[in-house]
Visitor: 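What follows is a single structure, and I will ask about it in a moment.
Throughout, numbering of the chain's residues begins at 1 and tracks the sequence.
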Amino acid sequence: MKKITILSLHLGVGGIEKYISSLSKMLCDDYEIEMIITYKLKEVPSFNINNKIKITYLIDGGPNKDEIKKCIRRKKYFKLITELFKAVKILRLKKSRTKKALKELDTDYLITTRTYETKLANKILKKSNIKLIATDHNYPSKKYKKELIKSTTNYDRLVLVNSEIRDIYRKEIGLKAVSINNFIDEISKEKSDLSTKNIIAVGRLSKEKGFIDLIDIMSIIVKMDKDVKLTLVGDGEEKENIQNRIKELKLENNIRLTGFLNQEEIRNALLKSSIFCMTSLVESFGLVILESMNMGVPVVAFDSSVGPRVLLSDGKGILIKDRNKEEFAKCVIDLLNNNKVLKRFANNAKKSVEEYTPDVIKKEWLSLLKEVGNCSRKRVMFISSTGGHLNEMLMLKSMFNKYNYSLITENTESNKNLKNKYGRKRVGMMIFGTRKHMFTYVFKIIMNSFRSLYYYIKFRPQYIISTGAHTAGPMCLLGHILGSKIIFIETFANSETKTITGSLVYKFADLFIVQWESMLDNYPDATFGGWIY
């Protein structure tokens with residue numbers, strides 16, 4: 001049985017922690033699973049971990065951020081100095097023990113969950129045979145995207161939580177970016193009867209969750225119906241600000257802060273609620289949305305984050321544009337006053353969660369692991385002219401994901417979308433030219449020779465695969481001189497006569513393939529490969 005190691009920060013409360021506990025449980029019948037966890041925050045993980053799974057902690061305890069904040073708040077500056085020294089010690093310990101664990105790793109696959117660990121593994125394991133898979137749960141800012149791409153240069157796959165975020169990364173790194181949704185543990189047999197005027201929100205009490213906006217929305221709702229109650233589940237650094245806002249708006253009788261609740265307690269709270277409210281400024285997926293839908297609780301959310309946009313499309317929930325608080329409040333009241341519409345959304349939500357069950361998602365993960373297990377980090381360049389030559393080259397696109405690929409062709413209007421599809425960092429463009437304009441054509445061939453040198457240095461291909469024609473010639477020759485293996489596929493368009501580029505490359509190609517058996521008369525040492533189409 002092959003082994004998967006999951007490297008993560010802690011097993012306390014959090015979306016990533018819920019994700020890896022569910023992922024490990026889902027895969028433990030097919031793979032040996034080990035978790036390497038940086039901080040041991042408590043004796044028992046916050047989420048259920050299958051007893052087949054081995055857990056190794058690197059540090060007994062966690063960081064001291066809360067102590068530092070407390071010292072600043074209470075102006076205990078001497079103690080603050082002590083805590084800062086302690087923080088530096090913890091960070092050094094974190095780095096040294098994580099590096100040691102990576103160097104001693106004995107596994108087939110490594111799955112990382114945060115940029116810090118991903119970056120270390122990218123450097124330490126770049127020459128290892130371990131298959132590297134990075135997972136990421138954040139909607140990327142420009143800076144974050146750049147950092148993550150830099151941190152995964154030696155990774156086999158980058159797994160994102162939805163297709164919208166995947167497409168953002170694909171524009172940069174191509175097919176290495178894939179998406180596999182988060183998932184619920186099981187379809188609930190219970191569901192809310194939607195009979196109350198209780199609404200609910202669940203999440204870490206932090207600024208990006210937008211709970212201050214939710215308190216403002218509640219002040220509008222209460223003016224329309226004083227019987228509506230909000231249950232706010234969670235804890236965090238914004239708790240004091242939220243409490244102050246509740247007092248300021250005199251909403252103590254309408255809003256209850258529960259603090260942290262375990263999974264069973266959250267389920268019970270959802271069963272007593274009629275609407276789930278999502279006000280996050282940033283939410284890449286929003287597992288709690290799925291959990292609410294699974295309990296038959298309709299979701300109202302701002303459309304400002306990608307998670308709700310993906311999960312609540314096509315009538316699965318209600319999206320409020322432009323973070324309009326008045327519209328949000330009105331929508332909640334309208335739903336609470338129209339049980340028929342409320343139940344319709346609840347039924348749509350309940351049905352849609354069938355797409356996010358372990359059975360569905362497990363197939364995607366097993367397929368990914370098999371694909372990654374069969375892929376190689378060999379650097380392979382695919383190069384051709386535009387038009388028919390490029391069409392033939394793209395018939396080989398199923399090979400791209402099996403290697404560390406690059407794609408080179410000519411810069412034409414029809415080819416501009418190739419960068420979005422196969423990755424800006426993986427696609428290169430030569431100057432387009434034809435022999436119809438011989439003077440400029442010669443000049444462009446010279447320029448493309450210099451471009452060939454640039455792209456060769458950039459991608460350092462171990463193998464060059466080409467379907468012709470003239471654009472590929474200089475690169476094939478350069479690669480041959482510098483030690484790359486050259487594989488040339490003579491064009492399908494020629495069944496009787498040689499092409500000029502084919503005639504030249506045939507003399508030094510390591511493998512020369514023809515698509516018509518009749519072409520073996522022209523290239524006696526070639527291999528007949530059949531049609532590429």
Side-chain angles (χ1 to χ4, degrees), residues 162 181-184 186-203 209-211 213-215 217-218 220-222 224-225 227-234 254-256 258 261 263 265-280 283 285-357:
N162 62 55
N181 291 317
N182 283 353
F183 56 97
I184 54 173
E186 60 182 359
I187 298 288
S188 173
K189 294 177 182 177
E190 299 178 284
K191 66 177 183 177
S192 170
D193 62 12
L194 309 176
S195 62
T196 71
K197 289 191 175 183
N198 298 336
I199 64 177
I200 188 171
V202 181
K209 297 299 181 182
F211 286 137
D213 286 342
L214 182 56
I215 305 307
I217 289 166
M218 266 304 290
I220 301 170
I221 289 172
V222 169
M224 293 187 274
D225 188 339
D227 294 327
V228 178
K229 309 290 184 186
L230 168 65
T231 300
L232 182 49
V233 179
N254 294 87
I255 300 177
R256 181 170 71 98
T258 68
L261 297 181
Q263 287 300 105
E265 289 169 328
I266 291 173
R267 285 170 65 90
N268 289 334
L270 286 167
L271 285 172
K272 297 172 185 175
S273 303
S274 295
I275 294 174
F276 182 88
C277 299
M278 169 69 76
T279 53
S280 293
E283 196 73 56
F285 189 82
L287 188 57
V288 70
I289 294 178
L290 271 189
E291 290 167 346
S292 301
M293 295 162 75
N294 190 31
M295 304 306 293
V297 179
V299 180
V300 179
F302 285 132
D303 71 347
S304 50
S305 54
V306 62
R309 288 201 301 270
V310 171
L311 293 174
L312 303 179
S313 61
D314 302 323
K316 297 167 191 169
I318 297 178
L319 292 167
I320 307 298
K321 294 183 178 181
D322 305 321
R323 297 193 68 82
N324 188 317
K325 296 176 188 177
E326 288 77 14
E327 186 63 30
F328 197 114
K330 182 178 181 300
C331 178
V332 169
I333 291 294
D334 288 347
L335 282 177
L336 291 176
N337 290 334
N338 192 331
N339 198 254
K340 186 178 179 181
V341 174
L342 192 64
K343 286 185 175 180
R344 189 181 78 230
F345 276 108
N347 291 335
N348 289 346
K350 187 77 175 173
K351 188 176 180 181
S352 70
V353 296
E354 294 173 5
E355 303 170 32
Y356 304 96
T357 60

Visitor: Would you please name every residue forming a side chain to side chain contact (heavy atoms under 4.5 Å, CB included) with K330, sequence neighbours left out?
Guide: D334
Visitor: Quick one: list whatever passes side chain to side chain contact (heavy atoms under 4.5 Å, CB included) with N181, sequence neighbours left out.
Guide: N162, F285, Y356, I361
Visitor: Restricting to non-hydrogen atoms, name the atom on S274 and the atom on P298 that form the minimum distance, rounded to 0.1 Å.
Guide: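 Heavy atoms only, the tightest pair is O-CD, 3.3 Å.
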Visitor: Ignoring hydrogens and geometry, is there a side-chain-to-backbone donor-acceptor pair from N347 to K343 under 3.5 Å?
Guide: yes
Visitor: Please say whether more than 12 non-hydrogen atoms of neighbouring residues, nucleotides or ligands are located less than 6.0 Å from CG in D227.
Guide: yes
Visitor: For a quick test of reading the model, state the closest non-hydrogen atom pair linking T279 to G210 and the distance between them.
Guide: OG1-O, 3.0 Å
Visitor: Can you check whether E186's main-chain N or O pairs, donor with acceptor, with N294's side chain at less than 3.5 Å?
Guide: yes
Visitor: Tell me, please, which residues at least two apart from K316 pass salt bridge (charged side-chain N to carboxylate O under 4.0 Å, His left out).
Guide: E355
Visitor: Does N182 use its side chain to pair, donor to acceptor, with the backbone of L287 at less than 3.5 Å?
Guide: no
Visitor: With sequence neighbours excluded, tell me which residues meet salt bridge (charged side-chain N to carboxylate O under 4.0 Å, His left out) with K191.
Guide: none
Visitor: For residues 294-309, which residue pairs qualify under salt bridge (Lys or Arg N to Asp or Glu O under 4.0 Å), counting only residues two or more places apart or in two chains?
Guide: E164-R309
Visitor: Rounded to the nearest 0.5 Å, how far does CE of M224 lie from CD1 of I333?
Guide: 5.0 Å
Visitor: Look only at the side chain of S192 and the backbone of S273, and say whether a donor-acceptor pair between them is shorter than 3.5 Å.
Guide: yes
Visitor: Closest heavy-atom contact between G286 and L311?
Guide: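 In this case the closest contact between G286 and L311 is O-CD1, 3.6 Å.
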Visitor: Test: ring pair (Phe, Tyr, Trp, His ring centres under 6.0 Å). Region: residues 296-333. Which pairs qualify, not counting sequence neighbours?
Guide: F302-F328
Visitor: So among V288, L232, I289, L261, which one has a side-chain contact (heavy atoms from CB on, under 4.5 Å) with V202?
Guide: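 For V202, the side-chain contact (heavy atoms from CB on, under 4.5 Å) check succeeds only for V288.
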Visitor: Once salt bridge (charged side-chain N to carboxylate O under 4.0 Å, His left out) is applied, do any residues pair with D225, and if so which ones, sequence neighbours excluded?
Guide: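 Scan of D225 (salt bridge (charged side-chain N to carboxylate O under 4.0 Å, His left out), adjacent residues dropped) gives K197.
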Visitor: Only counting residues at least two apart or in another chain, list the ones meeting side chain to side chain donor-acceptor pair (under 3.5 Å) with T231.
Guide: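 Once residues adjacent in sequence are excluded, T231 has no partner under the side chain to side chain donor-acceptor pair (under 3.5 Å) criterion.
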Visitor: Has the side chain of S188 got a donor or acceptor atom that lies under 3.5 Å from a matching backbone atom of E190?
Guide: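 The answer is yes, because a donor-acceptor pair under 3.5 Å joins these two groups.
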Visitor: Residues two or more places apart in sequence or in another chain: which of them pass side chain to side chain donor-acceptor pair (under 3.5 Å) with N254?
Guide: none
Visitor: Does the side chain of L312 reach to within under 4.5 Å of the side chain of V300, using non-hydrogen atoms?
Guide: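 Of all side-chain heavy-atom pairs linking V300 with L312, none is under 4.5 Å.
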Visitor: Short question: side chain of K350, backbone of I187 - any donor-acceptor pair under 3.5 Å?
Guide: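 The answer is no, because no donor-acceptor pair under 3.5 Å joins these two groups.
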Visitor: Nearest heavy-atom pair of N339 and L194: which atoms, and what distance?
Guide: ND2-O, 3.3 Å
Visitor: List the atom of A201, the atom of F276, and the distance in Å for their closest heavy-atom pair.
Guide: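 For A201 versus F276, the nearest heavy atoms are CA-CE1, 4.0 Å.
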Visitor: Output all residues satisfying salt bridge (charged side-chain N to carboxylate O under 4.0 Å, His left out) with R256, sequence neighbours left out; order by chain, then residue number.
Guide: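 Per chain and number, R256 pairs via salt bridge (charged side-chain N to carboxylate O under 4.0 Å, His left out) with no residue.
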Visitor: Please list, chain by chain and in numerical order, all residues satisfying side chain to side chain contact (heavy atoms under 4.5 Å, CB included) with Q263, sequence neighbours excluded.
Guide: K18, F47, I266, E291
Visitor: So, does T196 use its side chain to make a donor-acceptor pair with the main chain of K272 at under 3.5 Å?
Guide: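 Confirmed, T196 side chain pairs with K272 backbone.
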Visitor: Which distance, rounded to the nearest 0.5 Å, do you find between the CD1 of I215 and the NZ of K325?
Guide: 10.5 Å
Visitor: Do L336 and I221 have side chains that approach each other closer than 4.5 Å (heavy atoms only, starting at C-beta)?
Guide: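 Side-chain contact under 4.5 Å: no.
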Visitor: What pairs with D193 under side chain to side chain contact (heavy atoms under 4.5 Å, CB included), at least two apart in sequence or on another chain?
Guide: S195
Visitor: Considering non-hydrogen atoms only, spot the tightest contact between S305 and S280 and give its length.
Guide: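 Nearest heavy atoms, S305 then S280: OG-O, 3.7 Å.
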